[in-house]
Amino acid sequence: MATRKRLADSWCGVVLAAGKGVRMNSARPKVLHTVSGVPMLAHATNAVRAAGITKVVVVVPPGGDSAQEFQAAAGPKARLVVQTSQLGTARALLAARDAAARPDSILLSYGDAPLITPETISAVTAAHTKQRSTVTILTARVPDPTGFGRIVRDKGGAVTAIVEERDATAAVRAINEINSGCYAFDAEWIWSQLPEIPRSSSGEYFLTDVVAAAIRAHRKVATVEAADHNEVLGVNDRVQLAEAERLMRGRILRRLMLGGVSVSDPATTYVDAGVTVGADTVVWPNTHLRGATRIGMRCQIGPNAILDGVQVGDDSTVVASHVESSKIGQRVHVGSFSRLRAGTSIADDVFIGNCAEIKNSSIGSGTHIGHFSYTGDATLGARVNIGAGTVTCNYDGKRKHQTIIEDDVQIGSDTMLVAPIRIGAGARTGAGAVATTDVPPGATVVGVPARPIRPKSVKRRIEVPRSGS
Ligand code: UD1
Ligand code: CA
C-alpha cells in the first residue's frame with residue numbers, strides 16, 4: 001500500500017494517442033479501434049493505472065470530433081492534451097509537459113500497444129527506481145522485428161541507441177531485440193532533452209533519439225525485457241489489429257477458465273474484456289459475450305448465443321439466442337432462437353422458449369412464453385402463460401402503447417392484444433381472440449373483437465339437448 005502511494009505521488013503516466021494512424025486506412029482514429037470490445041487506448045491507460053500510477057495524461061490529435069470518445073476511452077480522470085501538429089513521438093511527449101506538472105518520473109506508453117500488462121509496467125517502474133536510471137526501456141526479443149525500432153548494444157551489452165527501421169543498416173535490421181514503446185524517464189531530464197531532438201530523415205521528431213543523447217551525456221540507460229514478447233505488439237494496421245484481438249481473446253478465455261468457467265471450445269468463443277462469468281458456468285461453442293455482460297454461476301450459455309450488455313443470474317440457460325441490454329434473473333431458460341431486445345427484464349424462474357421476441361418489457365417470476373410470439377412495451381406479472389403466436393400489438397402506426405398483463409393470466413394461442421390494454425389478474429383469453437379493451441380480473445374473453453363469456457350463456461349451451469339423443 002505504501003509503495004502504491006509513493007508511485008501515485010512521484011510518477012505521471014503519459015499515453016501517446018495523437019498519431020495519424022495512416023496505415024489503418026480508417027476515418028476513425030487508430031487508438032479508438034477496439035480490441036476485445038474495448039478501445040486500444042482504454043487497454044493502454046487501464047494498464048498504467050492498474051500498475052498504481054493514478055495521474056495519467058493522454059496526448060490526443062487536434063479536431064474536437066472525437067474528444068468525447070477519447071475521454072471515455074482514457075477514463076474520466078485522465079487529462080487530455082492536444083498535440084497540435086503530429087510531428088512525431090518526441091513532440092507528442094513534449095505536448096504533455098505542462099499537464100504532467102512536476103512528477104519525479106514519467107512512465108510513457110503508446111496508445112497503440114493494448115497488450116502490455118500492469119505487471120510489466122510495474123517491472124519497468126521498479127527497475128527504473130531501483131537502478132536510479134535516467135531512461136529505462138521495455139524491450140522484447142521477437143520472432144519478426146519488422147517495423148520496430150531496434151535496440152543497439154555495444155560489445156559489452158550496454159545499450160547505445162534505438163534505431164528506427166527506416167534508418168537501420170542491414171546488420172541493425174537483423175537485431176531481434178526491439179523497442180516496445182514503453183519507457184520510464186527521469187522527468188526533469190526528459191523535459192530538458194525533448195526540444196533538442198533533431199528532425200529525423202522522415203521529417204518527424206523521434207522520441208527514440210533521446211536514448212543516444214542520454215548515452216552521450218553519460219546518463220544511465222537500462223532495459224527491462226518483457227517476459228512474453230506478445231505483450232509489446234504495436235498495432236499499426238488491421239492485420240496487427242486482428243493479431244492483437246486473437247492474443248487478447250486467448251488471455252481473456254484463459255483468465256475465465258482458471259477462474260472456474262468451462263469454455264468447451266475456446267476457438268469459437270468470443271468474450272469482451274469487461275465481461276465477468278461466475279464459476280461452474282459452461283460456455284458452449286460459437287458464443288459471443290460482449291460489452292458489460294455479467295453472467296452468474298452454474299449457467300449454461302450457448303451454443304450459438306450472442307449476449308451484449310446482459311446481466312444473467314445464477315443457474316440460468318441461454319441457448320441459440322440473441323440478447324441485448326437486458327437483465328435475466330435466476331433459473332431462467334431462454335431459447336432456442338429467441339431474441340430479447342434492449343430494455344427487457346426477466347424475473348426468476350421464467351421460461352422463454354422458441355422464437356420469442358421481447359422488447360422493452362418486464363416479465364414476472366414463473367411466467368412462461370413458450371413459443372413464437374412478440375412481446376413489446378409490456379409488463380407481465382407472475383405465473384402468466386402466453387400461448388403460441390401471441391402478439392402485443394403495441395404500435396398504431398404513430399405511437400407505441402403499453403400492455404399490462406397481471407398475475408396468473410392465461411393468454412390463449414394466437415391472441416392479439418391491441419395496446420393500450422390491461423388484462424386483469426387471473427383473466428383468460430380464448431384462442432384467436434383479438435382483445436381491444438381492458439379485461440377485468442377473473443374474466444374470460446373470446447372472439448373478434450374479444451368479449452367476455454357470460455356464465456349464463458355457458459350454462460344454456462350445456463342445457464340444449466343434442467339432436468338424436
Ligand atoms: C514506435 C517507435 C518504435 C517502436 C514501436 C513500438 C518511435 C519513433 N518509434 O514506432 O521504436 O518499436 O513504436 O510499437 O517512437 N504518436 C503521437 N503523435 C505523433 C506520432 C505518434 O501521439 O506525432 C503516437 C501514436 O498515436 C502511437 C504512438 O505514438 O500511439 C507510436 O507512434 P507510431 O507512429 O505508431 O510509431 P511506430 O512507427 O509504431
Ligand atoms: Ca505503432
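Counting starts at 1 for both ligands and their atoms, in listed order.
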Is there a donor-acceptor contact under 3.5 Å linking the side chains of [X] and [Y]?
X: Ser338; Y: Glu357; value: no
X: Ser316; Y: His333; value: no
X: Asp167; Y: Ser201; value: yes
X: Tyr183; Y: Asn179; value: yes
X: Gln300; Y: Thr281; value: no
X: Ser122; Y: Thr125; value: no
X: Asp377; Y: His401; value: no
X: Thr392; Y: Asn394; value: no
X: Lys400; Y: Asn360; value: no
X: Glu225; Y: Thr139; value: no
X: Arg153; Y: Thr223; value: yes

Below a 4.0 angstrom heavy-atom separation, can you tell me which part of [X], side chain or backbone, both or neither, approaches ligand 1?
X: Pro61; result: neither
X: Glu164; result: side chain
X: Glu165; result: neither
X: Lys20; result: neither

Regarding ligand 1, does [X] bring an N or O atom to under 3.5 Å of one of the ligand's N or O atoms?
X: Phe206; value: no
X: Leu16; value: yes
X: Asn179; value: yes
X: Asn236; value: yes
X: Gly19; value: yes
X: Thr208; value: no
X: Gly149; value: yes
X: Ala18; value: yes

Heavy-atom contacts with [X] under 4.0 Å: which atoms of ligand 1 show up? List them by number with element.
X: Ala92; result: 17 (C), 18 (N), 22 (O)
X: Ser180; result: 6 (C), 14 (O)
X: Gln86; result: 23 (O)
X: Tyr110; result: 1 (C), 2 (C), 7 (C), 13 (O), 15 (O), 28 (C), 30 (O), 31 (C)
X: Gly88; result: 19 (C), 20 (C), 23 (O)

Can you tell me if Phe337 has over 12 outside heavy atoms packed within less than 6.0 Å of its CZ?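 Not more than 12 within 6.0 Å, no.
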Do other residues, nucleotides or ligands put more than 12 heavy atoms under 6.0 Å from Arg79 CZ?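 No, the 6.0 Å shell around CZ holds no more than 12 heavy atoms from other groups.
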Could you find the nearest protein heavy atom to [atom] and give me its residue, atom name and distance?
atom: atom 34 (O) of ligand 1; value: Arg23 NH2, 3.7 Å
atom: atom 32 (O) of ligand 1; value: Thr89 CG2, 4.0 Å
atom: atom 18 (N) of ligand 1; value: Gln83 OE1, 2.7 Å

Separation of Arg199 CZ from Leu87 CG (nearest 0.5 Å): 6.0 Å
What distance separates Ser264 OG from Trp284 CH2, expressed to the nearest 0.5 Å?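 The distance works out to 5.5 Å.
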For the Ca ion (ligand 2), count the protein N, O or S atoms found under 3.0 Å away. 2
Regarding atom 27 (C) of ligand 1: of the candidates Asp112, Leu41, Val60, which has the closest heavy atom?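 Of the listed residues, Asp112 has the closest heavy atom.
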Mark the output for [X] as yes if a heavy-atom distance to ligand 1 is under 4.0 Å, and as no if none is.
X: Gly111; value: yes
X: Val59; value: no
X: Lys30; value: yes

Can Glu324 and Arg290 be counted as an ion pair, charged N to O under 4.0 angstrom?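 A salt bridge is absent here (no side-chain N lies under 4.0 Å from a carboxylate O).
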Salt bridge or not between Arg102 and Glu188? Use side-chain N to carboxylate O under 4.0 Å. no
Cation over ring face, Arg249 and Tyr270, 6.0 Å, 45°: yes
Return yes when at least one protein heavy atom is under 4.0 Å from atom 36 (O) of ligand 1, and no when none is. no
